[in-house]
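Working notes, structure below.
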Amino acid sequence: MAARARCLGLLSCLLLGCSPSECAIATVGADVTLPCSYDADAYGRLSVCWGRGSVPSRGCAGEVIRTDGTSVTSRLSERYLLAGDLGKGDVSLTVRQVRESDAGVYGCRVDIPGWFNDHKQEETLTVVAARPQALKVETREVRERTITVRWSPGFDGGRPVTSYTVDLKDKQASWETAVRTQILNPELTQVTLVDLHPAQTYNIRMFAVNSVGMSAASNVLTLTTKEAAPDGPPLEMRLEALTPRSIRVTWKPPRAELRNGALQSYSIHYREYDPVGRAFRKWQHQSVVATQESESTVLLNLRPSTRYGVIIQARTSAGAGPASTASLCSTLDEVHPTSTTTAFGSTSAAATVWPSDASFAPVHTTLAAETVTDESVWEQSTTEVTSALGPDPPVLQLKEVKQNTISLSWIPGFEGDSPITGYYLEYKAVNASWDSTKTVVDFSSNQTNVTIIEVNPSTYNIRMFARNSLGTSNASNVLTITTEEAGHPSVTTTPTVTSAAMRAEESGGLHPAVIAVPVVLVAVIVAAATTWQLRRMRHKQGSLSMWVTSRALRYRGSESLQEL
């Protein structure tokens, strides 16, 4: 560019009829000095003027500056100055920030005393347009997917700026990979870059362009977009039923390019489904802190033999992303214990207990799947039952039977959506219906055992219920118990013996004395006792009194057990 400007300057000088020494070439915006001097030692300080155009016979045409030899006495603009040493006769003209309109002939006249003694000198200034000066770029606003920058235009190089160019690249990449965008409106001083990726660091630089060329690069901005909610769902979600009341959920984070920031947590949403796959309860929610590339949690306090749908959303500081595909999984079946008593007071229980923290291999796995949109996480199915959950029934167990004294205990079930506030016991005659039950006593929520003394022994059924503020549970398992007066043999009959109870007996759950009694003798005794008891129950009346840990509980009525 400099060589081209120099050639143009020489050509202009030749066309104007001047020698190379009398021509000056300047770039628009630069300062240029046109030489002129005289012998101050011989003449002393003299008056000098500079003007635009050839030097006339008197004075200076289009005068731009004048000096009396000591100081400047007048000038057309602050851009004109005499920067040399006037005391030594250096009266060279300096033009600051040259413009294209400054091009042309300049004449210098030194007023030397005497006729026709004035010194005249002419200089031709050639002005070459330049590229614009580099821009200064500033940050205006940074959001999740956009960056707004603004700039202050510099000197345009003598030619109007026609466009701007923006380079954008990832911070770790080279400028050769930058995405270049041209802004064709030269009046703009602000622009917004869109379609950026959240939580990513970018470098930005700009250029100004005129008819001569492109400016040098601006300062470089290093900016990081804000985090956004993830664009992708968690991956590879798996459901495993551990126990009748728990399901393990495992998954992996969304794809790295869709996370849009640092994952902070996961929102797990789950609800019950009916056998045909329709949701009928509200979503329940659980939060898990994001820790690694493979995540896991266990959903607790679920209902046995129930299908659950589960969806997961990943969360950043900006919010939750789309939900994973909802999968259905059934909890394991629960086997309630059934207790029996023997003629010798021993007991055996038929039960399967699933620990809440079981770690064994699951039996039930994912059964089906449904597609759930991001919005459906918060929308409820029209078939939902919005009522809260009551408690599960307790598991009633027989601890001991001694003649007319019975010791019971129970294991609390799931409390539901409200803490258990108490329990109550029901009993009935073995040949009566539950419609004729008698509530014997209420128990506190922290009580788990009781001792019953039957004044007039009989055979009857016992069951329990749990209460909370939302309602009453279903009935527990039913115990069938027969007691006798002191001094009489005690025989308990159980109408139904489950296969689980049979397995328990085979595993050694019976009293050792029973093993020593011949099978035939036991059958005879049981038959005789049963016949005798049925005859007794037609005539005998009885009542119950409850005793718990050395204190009597409330006693209710003394109606005949047979009538109950």
Those residues that, when tested against [X], pass side-chain hydrogen bond (donor to acceptor under 3.5 Å, both in side chains) (two or more places apart):
| X | answer |
| --- | --- |
| T181 | none |
| T201 | T224 |
| T291 | E295 |
| T148 | T192 |

*Between E415 and N468, is any side-chain donor less than 3.5 angstrom from a side-chain acceptor?*
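Checked: E415/N468 side chains show no N/O donor-acceptor pair below 3.5 Å.
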
*Donor + acceptor pair across side chains of E227, S317 (<3.5 Å)*: yes

What ring-ring contact (aromatic ring centres under 6.0 Å, His included) pairs are there with at least one residue in [range], not counting sequence neighbours?
| range | value |
| --- | --- |
| residues 236-267 | W251-Y266 |
| residues 290-335 | none |
| residues 130-183 | W151-Y164 |

*Report the residues that fulfil ring pair (Phe, Tyr, Trp, His ring centres under 6.0 Å) with F465, sequence neighbours left out, ordered by chain and then residue number.*
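Expected list: Y424.
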
Below 4.0 angstrom, N of the basic side chain to O of the carboxylate: do [X] and [Y] qualify?
| X | Y | answer |
| --- | --- | --- |
| R245 | D392 | yes |
| R307 | E272 | no |
| R255 | E293 | no |

Taking only residues two or more places apart in sequence, or in another chain, which ones meet [X] in a side-chain contact (heavy atoms from CB on, under 4.5 Å)?
| X | answer |
| --- | --- |
| S265 | S287, R315 |
| E176 | S174 |
| D195 | none |

*Any pair with a residue in residues 203-215 that passes side chain to side chain donor-acceptor pair (under 3.5 Å), sequence neighbours left out, goes on the list, sorted by first then second residue, please.*
R159-S211, D167-R205, K169-N203, N203-T222

